Amino acid sequence: MSINTSVAGSGASNASATILLGRVLLAVIFLLSGFGKLTAIAGTAGYFGSLGLPLPTATAVIVGLIELLGGIAILVGFQTRIAAWVLAIFTVATALVAHTGWADQMQMINFLKNLGIAGGFIVLATSGAGAYSVDAKRG
């Protein structure tokens, strides 16, 4: 009986370590992107304006905050299921707003990359943050 418990415990530990790795990899792009937007508001607003987005400066701040705060939440595993759903929806919306020029191979790649990232967030929203997270510590 103790062998089965040990094996099950080891599997749970491996799963939590894998989830942590996935959280780190998903978070990195949002941390860097959000920080970049928030530290270069004028450039970000100019780009958003060229896309026809309303209130480009306010939109740049909101988008930067979603990316940065969402990335932090995913990284540390705080309110992970909610943050993962928000970022999944945000990432699909971003793909539909900024990456639909599919005649350009790079836009198609970015569109598909965003869909893949959204898929990772949906898996994370379903699985939860794992044992190595604020969520697990809070119970």
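The shown structure was predicted, so the numbers you read here are calculated from the model rather than taken from an experiment.
- Criterion: ILVMFWY side-chain heavy atoms under 4.5 Å apart, direct or through other members. Under it, I74 and V123 are not part of a common hydrophobic cluster.
- R23 places a side-chain heavy atom less than 4.5 Å from the side chain of L124.
- Minimum interatomic distance between L31 and G71 (heavy atoms only, all atoms of both residues): CD2-C, 3.6 Å.
- With hydrogens and angles ignored, the 3.5 Å screen pairs a side-chain donor or acceptor of T59 with a backbone N or O of P54.
- Considering only heavy atoms from C-beta on, L55 stays 4.5 Å or farther from F48 through its side chain.
- Ring-centre distance between F121 and F30: below the 6.0 Å cut-off.
- Note that CG of L115 and CG of L112 are 6.0 Å apart. Values are rounded to the nearest 0.5 Å.
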Acceptor/donor pairs from residues 82-93 side chains to any protein atom, 3.5 angstrom cut, sequence neighbours excluded:
residue : atom : partner : partner atom : Å
T91     : OG1  : L87     : O            : 2.6

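- Contact record, S127 with I19: OG-CD1, 4.2 Å, taken as the closest heavy-atom pair.
- There is a path of hydrophobic side-chain contacts, each under 4.5 Å, that joins L51 to I66.
- If you take OG1 on T94 and CG on N110, they are separated by 11.0 Å, rounding to the nearest 0.5 Å.
- At a threshold of 4.5 Å between non-hydrogen side-chain atoms, the residues V63 and E67 count as touching.
- Between P56 and A45, the shortest heavy-atom distance links the atoms CB-O, 3.2 Å.
- Listed here is the closest heavy atom pair of T100 and Q107: N-OE1, 4.5 Å.
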Kindly determine whether D135 and T80 satisfy side-chain hydrogen bond (donor to acceptor under 3.5 Å, both in side chains), including the steps that lead there. CA-CA 7 Å; D135 290 345; T80 306; 2.7 Å; yes
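- R81 CZ to Q79 CD: the interatomic distance, rounded to the nearest 0.5 Å, is 11.0 Å.
- For the atom pair OG1 of T57 and CD1 of I62, the computed distance is 11.0 Å after rounding to the nearest 0.5 Å.
- In this structure, a donor-acceptor pair under 3.5 Å is absent between the side chains of S133 and K137.
- The distance from the OG atom of S33 to the CG atom of L38 is 9.5 Å, given to the nearest 0.5 Å.
- The shortest heavy-atom contact between I29 and K113 is CD1-NZ, 4.3 Å.
- F111 and L96 make their closest contact through CE1-CD2, 3.9 Å (heavy atoms, listed as atom of the first residue, atom of the second, distance).
- Separating the CG atom in L25 from the CG atom in L75 is a distance of 10.5 Å, to the nearest 0.5 Å.
- Looking only at side-chain heavy atoms (C-beta outward), R138 and F78 come within less than 4.5 Å of each other.
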